Number of protein chains: 2
Amino acid sequence: MFSKACKYAIKALIYIASRSNDATRISLRDIAAKIDSPEHFTAKIMQVLSKQGIVSSIKGPNGGFYIENDAPPIKLLDVVRAIDGVQHLSGCGLGLKECSAHQPCPIHNEFSEIRGQMLTMLRENTIQQLAAELSAGHAVLKH
Amino acid sequence: MFSKACKYAIKALIYIASRSNDATRISLRDIAAKIDSPEHFTAKIMQVLSKQGIVSSIKGPNGGFYIENDAPPIKLLDVVRAIDGVQHLSGCGLGLKECSAHQPCPIHNEFSEIRGQMLTMLRENTIQQLAAELSAGHAVLKH
DNA sequence: ATAAATAAAGACAAAAATATCTTATATTAT
DNA sequence: ATAATATAAGATATTTTTGTCTTTATTTAT
């Protein structure tokens, strides 16, 4: 469904959000350990998220990543778009360059419906909400 | 969503089914041209489908691929499973090895719902039905 | 029988995704 | 100031996916 990079991104953000209530900074090492991801690969992903303004970071001792308490809700859609790109969520299910209601691929309608539901889900769920689930012990990020 | 290989597989099968009413054999060259795919890569995919008994083939002059008229309906799910594998449709949305209602990832429920809908769609739609859509001019396989 | 046509199979190449390692830069603490 | 710590950035390696090319095996038509 999503690339590994995107899965790491979502998990990293949920973990950061679950820990940055008091503006603590979360180190890469900690993130990678908690979400069970390759540290340097995760670093690359965090850089993208940081450049896009989805997460904040500070270098140096006691540095790390964090999400402001008053930051606007981060939709899963924002993350997927930042890492996997828009075409991942808009392209034709069978890979046609021009697939539309007017000139549809054979599964156009069926696929559009499911994708619509996926988009709705990605819009309705935010990193902060999911982080709360994690904090409440209702979910886990590894194993 | 699906790999390119899987998209090629679905398109190839739909095209074959749309043409093999009178047990004509469809050549690889023809398939690749009609679905706009790399011929030899498509060949590899067809070999998998052939070994799995999803499509039939004959070598030699006038040889090619075909689907028996009395063949059972081929569900899209059969094709996706054959090419992308089951884990593509059963794995955790965030990549956890063990993700269940008991120990769920943060998007377990939301993701399960959408995947369920996807599975239903893949079970309800068959290559033969989609081929009929193609034959009726209600759908296209390229551009 | 022979040649031609076609899928099957295998070897290889290119591209993309994932992963690792090293160096640079910024920040903090001493 | 200096050393330590952390992200940023860049280079490289590995793996997976996709794509190409060549050879083999099978079937048909002549």
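Everything quoted here is computed from the prediction, not taken from an experiment.
Backbone-only engagement by A:I26 is indicated by non-hydrogen atom pairs under 4.0 Å involving sugar-phosphate atoms exclusively. Among the heavy atoms of the strands, none lies under 4.0 Å from B:I45.
Residue B:M46 contributes atom CE, which lies 17 Å from atom P of D:dT18 at whole-angstrom precision. Rounding to whole angstrom units, CG of residue B:L28 and C1' of D:dT20 are separated by 13 Å. As rounded to whole Å, 20 Å separates atom C1' of D:dT16 from atom CZ of B:F2. Protein atom CZ of A:R29 is 9 Å distant from nucleotide atom C1' of D:dA6, rounded to whole Å. Rounded to a whole Å, the CZ atom of B:F65 is 16 Å from the P atom of D:dT26. Straight-line distance from the CD atom of B:Q47 to the P atom of D:dT23: 17 Å, rounded to whole Å. The CG-P distance, from B:L49 to C:dA8, rounds to 10 Å in whole Å. Atom pair B:Y66:OH and C:dA7:P shows a separation of 12 Å (rounding to whole Å applied).
Contact annotation: B:S57 side-chain N/O to C:dA8 OP1/OP2 distance is under 4.0 Å. One finds a side-chain N or O of A:S50 lying less than 4.0 angstrom from the OP1 or OP2 phosphate oxygen of D:dA8.
Taking every heavy atom of residues 4-11 of chain B and every atom of DNA chain D, pairs under 4.0 Å involve B:K4, B:A5, B:Y8, by number.
For the atom pair A:Y66 OH and A:T24 OG1, the distance stands at 11.5 Å (nearest 0.5 Å). Between B:N125 atom CG and B:I10 atom CD1 the span is 10.0 Å, to the nearest 0.5 Å. In this structure, the separation between CD1 on A:I26 and CD1 on A:I31 is 7.0 Å, given to the nearest 0.5 Å. To the nearest 0.5 Å, atom CD of residue B:Q129 and atom CD1 of residue A:I107 are 13.0 Å apart.
Using a 4.0 Å cut-off between charged side-chain N and carboxylate O, A:D36 and A:K11 make no salt bridge. Salt bridge A:D84/A:K7: absent, no basic N to carboxylate O contact under 4.0 Å.
More than 12 heavy atoms of other residues, nucleotides or ligands shown are found within 6.0 angstrom of NZ on B:K142.
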**Study point:** Protein-to-nucleotide contact annotation, 5' to 3' order, nucleotides 20-30 of chain C [B base; S sugar-phosphate only; - none; under 4.0 Å, heavy atom]
**Key:** BBB--BBBBS-
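B:F2 and A:F111 have tilted rings, their planes meeting at an angle from 30° to 60° on a 0 to 90° scale.
Of the N and O atoms on the side chains of B:S135 and B:S18, not one donor lies less than 3.5 Å from an acceptor on the other residue.
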